[in-house]
Amino acid sequence: MKNLNDSISPTERTVLRPKLETFDDILPYVGDYGRYQWLLLLALLPFGLTYAFLYFSQFFITITPAEHWCRIDELMNSNFTQADRIKIAIPPSDEYPYYDQCRRKDVNFTELLKAGADLRSLELKRNRTVGCTSWEYNFTEIPYSSVGTELDWVCDQEHFVSTAQSIFFCGSILGGFLIGWIADHKGRIPALIVCNSVALVGSIATANANSFWSFAVCRFLTGLAFDNCIDIPLIIVLEYMSVSKRTVVVNVAFGIYFAVASTILPWMAYYISNWRLFTYVNALPFLSVFITPWILPESARWYISNGKIDKVVEKLRRIAKINKRNPDPRVYDIFLGNLEASAKQRETATVLDLFKTPRLARNTILLILFWCFIVISFDSHVYSLKLIQSSVFVSFSLSCFTELPAGLLLTLLLDRWGRRLCGFLTLAITCVLSIAELMFHSIPVKLTMSVMSRFCLNMAANIGLQYAAELLPTPVRSQGVSLIHIFGIIAHTLAPYIIVLATVWEGFPMLIIGIVSFAGAALVTFLPETLGQCLPHTISQGEEFGRDQNFWSLPCYKSRNLTGIANLMNDNRPCTRVLMKNANKEDGDQQ
Ligand SMILES: *[C@@H]1O[C@H](CO)[C@@H](O)[C@H](O)[C@H]1NC(C)=O
Ligand SMILES: *[C@@H]1O[C@H](CO)[C@@H](O)[C@H](O)[C@H]1NC(C)=O
Ligand SMILES: *[C@@H]1O[C@H](CO)[C@@H](O)[C@H](O)[C@H]1NC(C)=O
Ligand SMILES: *[C@@H]1O[C@H](CO)[C@@H](O)[C@H](O)[C@H]1NC(C)=O
């Protein structure tokens with residue numbers, strides 16, 4: 001290394017050397033926004049699809065129509081219509097659907113039919129009712145039989161729908177640890193392949209499940225891939241992308257791939273009209289496991305932290321070739337030299353450091369709660385769509401469609417109004433809309449409120465991601481974000497049960513969304529604003545961060561535009577760099 005450095009003129013060295021400390025520094029030399037990056041964006045497509053399908057498909061696999069009633073075998077053979085059967089055998093009720101969904105009149109219909117009674121005109125006024133043993137469903141709104149209707153997950157078995165969903169997220173908790181371990185020890189690509197293969201097998205097996213427990217086991221396996229299936233590819237693509245274009249990656253992945261996939265998902269369920277076939281179709285994007293190593297590169301950061309530096313250079317040369325760049329070959333050597341030097345002086349920190357000092361601990365806990373509240377509101381909102389008496393396919397599709405406009409509006413507002421105000425407003429508006437939804441009984445009004453609150457929740461979710469990535473100090477940033485993520489998944493496992501409360505009182509889920517989003521809005525006001533601030537680069541800066549901020553102060557200037565997970569990649573703000581340079585006793589720089 002020394003020889004090579006000496007052979008470069010002093011001016012070149014000062015120009016090149018400080019700029020080649022990290023992977024982000026060398027990337028522009030081989031092209032950081034060229035053909036290679038466009039291919040990577042395209043390669044994200046199957047992973048965006050898997051994420052949307054994993055997140056939402058179970059909703060359509062298990063959905064049961066609200067209009068269900070006891071199936072009475074004696075009446076099925078005669079040519080009664082569904083309406084006749086309900087009129088004859090099912091006790092009426094005051095609430096929608098105006099008949100009892102779980103009980104039937106206790107009458108021996110075999111006897112009556114044998115006696116030749118005209119059941120249609122006979123008014124059976126029986127006080128005694130018995131519980132159903134099997135059910136009939138009105139398949140007009142939801143034109144297919146789901147696993148929920150096949151196995152009669154209604155009435156006292158209704159919680160199976162939520163439990164199965166919860167078990168899916170339990171799978172993703174295990175996946176988080178298991179796949180995380182593989183990702184650290186064997187590499188990101190092997191981890192991605194393992195989790196997607198398990199999920200491929202899991203979803204194919206799901207289509208063949210025929211009992212609650214076999215279904216639950218299959219969903220647990222499929223759940224292993226949840227989040228990992230998009231997190232790993234996203235982090236890899238962000239690494240290889242120009243710092244200033246990382247917002248584009250996040251917007252393409254979520255605003256386009258995820259939004260489009262989840263918008264068309266209900267219509268796939270509707271037109272396929274067969275839950276087993278639908279499950280097979282949902283497994284298709286998982287087939288990307290067979291081409292993953294050829295469409296995504298291994299993470300450069302992983303190579304670097306595992307000492308496989310020659311692989312990084314190999315990769316860089318390939319990128320240069322694809323982007324048709326011809327960088328000075330010496331940049332590679334200087335980069336290698338700097339890497340070896342900087343590897344020695346890395347600050348080591350563990351996730352426990354987040355809790356050792358009071359302010360940082362408080363912020364971490366607030367961030368965890370904030371994220372959990374967002375997840376609970378978001379998921380409950382998704383599941384609550386089936387409570388509105390309108391086509392669930394239309395309402396689901398409309399809600400998912402708000403993803404892209406919400407993302408775009410947020411990019412505009414987040415850097416003008418700040419994270420704190422945006423976080424507060426989106427959740428406060430969600431709270432107001434949810435409570436309003438309780439008050440109105442007109443279905444179009446409910447639907448409008450619902451779509452609008454999903455719009456706000458989409459923005460809140462993006463803010464939650466961004467906030468964590470900015471507020472946690474660099475040495476523990478990715479560990480801290482993972483910790484928040486794990487709590488988020490625990491919140492995912494709780495949310496399905498909120499919808500079960502609708503059996504107690506129809507308005508419960510909306511009330512809970514209102515309360516939880518209010519709590520989230522209140523919490524976020526206690527977090528320090530990160531807009532326009534230098535991001536905390538050390539644990540102690542993280543502790544001091546925002547100490548000088550007034551509770552009522554609002555940011556009034558514009559800073560650079562970066563969104564969401566893009567900041568996970570850290571070190572990308574000008575002022576962070578200034579701090580870093582100062583720490584290295586080098587001169588300050590631009591801005
Ligand atoms: C079916 O219903 C029609 C009229 O609704 C009636 O004429 C016919 O006899 C019924 N058939 C049987 C098998 O009950
Ligand atoms: C089934 O649902 C459709 C549409 O909601 C409705 O028109 C029909 O009357 C329902 N059938 C019964 C038997 O309730
Ligand atoms: C209904 O009546 C039929 C004939 O009278 C009888 O065979 C059958 O056991 C009765 N069913 C029940 C459940 O009581
Ligand atoms: C129904 O129950 C009420 C009181 O519980 C009783 O007065 C009435 O006689 C019952 N009717 C029949 C048909 O059993």
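In each ligand, atom 1 is the first atom listed, and ligand 1 is the first ligand listed. If you're wondering where the values come from, they're calculated on a predicted model, not measured in any experiment.
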_Contact atoms of ligand 2, heavy-atom distance to Gln82 under 4.0 Å_ = 13 (C)
*atom 2 (O) of ligand 2 within contact range, any protein heavy atom under 4.0 Å*: yes
*Which one of Val107, Asn108, Thr110 has a non-hydrogen atom at the shortest distance from atom 11 (N) of ligand 3?*
Asn108
_I need the nearest protein heavy-atom contact for atom 6 (C) of ligand 2: residue, atom name and distance, please._
Asn138 ND2, 4.1 Å
_Thr140 neighbourhood, listing ligand 2 atoms whose heavy-atom distance to it stays under 4.0 Å_ = 1 (C), 2 (O), 3 (C), 4 (C)
*Please identify each residue that fulfils ring pair (Phe, Tyr, Trp, His ring centres under 6.0 Å) with Trp371, with sequence neighbours left out.*
none
*asked:* Looking at atom 9 (O) of ligand 2, tell me if a protein heavy atom falls under 4.0 Å from it.
replied: no
*asked:* Parallel, tilted or perpendicular, judged at 30° and 60°: which one describes the rings of Phe254 and Phe258?
replied: perpendicular
*Any N/O pair Lys114/ligand 3 closer than 3.5 Å*: no
_Identified side-chain hydrogen bond (donor to acceptor under 3.5 Å, both in side chains) partner of His381 from the options Ser453, Ser517, Ser399, Ser434_ = Ser453
Show the atom names and distances, to 0.1 Å, of all donor-acceptor pairs under 3.5 Å that link a side chain in residues 436-443 to residues at least two apart or in another chain.
| unit_1 | atom_1 | unit_2 | atom_2 | d |
| --- | --- | --- | --- | --- |
| Ser442 | OG | Val445 | N | 3.4 |

_Phe518, CZ: over 12 other non-hydrogen atoms inside 6.0 angstrom_ = no
*What atoms of ligand 2 come within less than 4.0 Å of a heavy atom belonging to Glu67?*
1 (C), 2 (O), 10 (C), 14 (O)
*asked:* Would you say Asp227 and Ser172 are linked by a side-chain donor-acceptor pair, where the criterion is simply a distance under 3.5 Å?
replied: no
*Among all protein heavy atoms, pick the one closest to atom 5 (O) of ligand 2 and tell me residue, atom and distance.*
Glu141 OE2, 4.0 Å
*Can you tell me if the gamma sulfurs of Cys102 and Cys70 fall under 2.5 Å?*
no
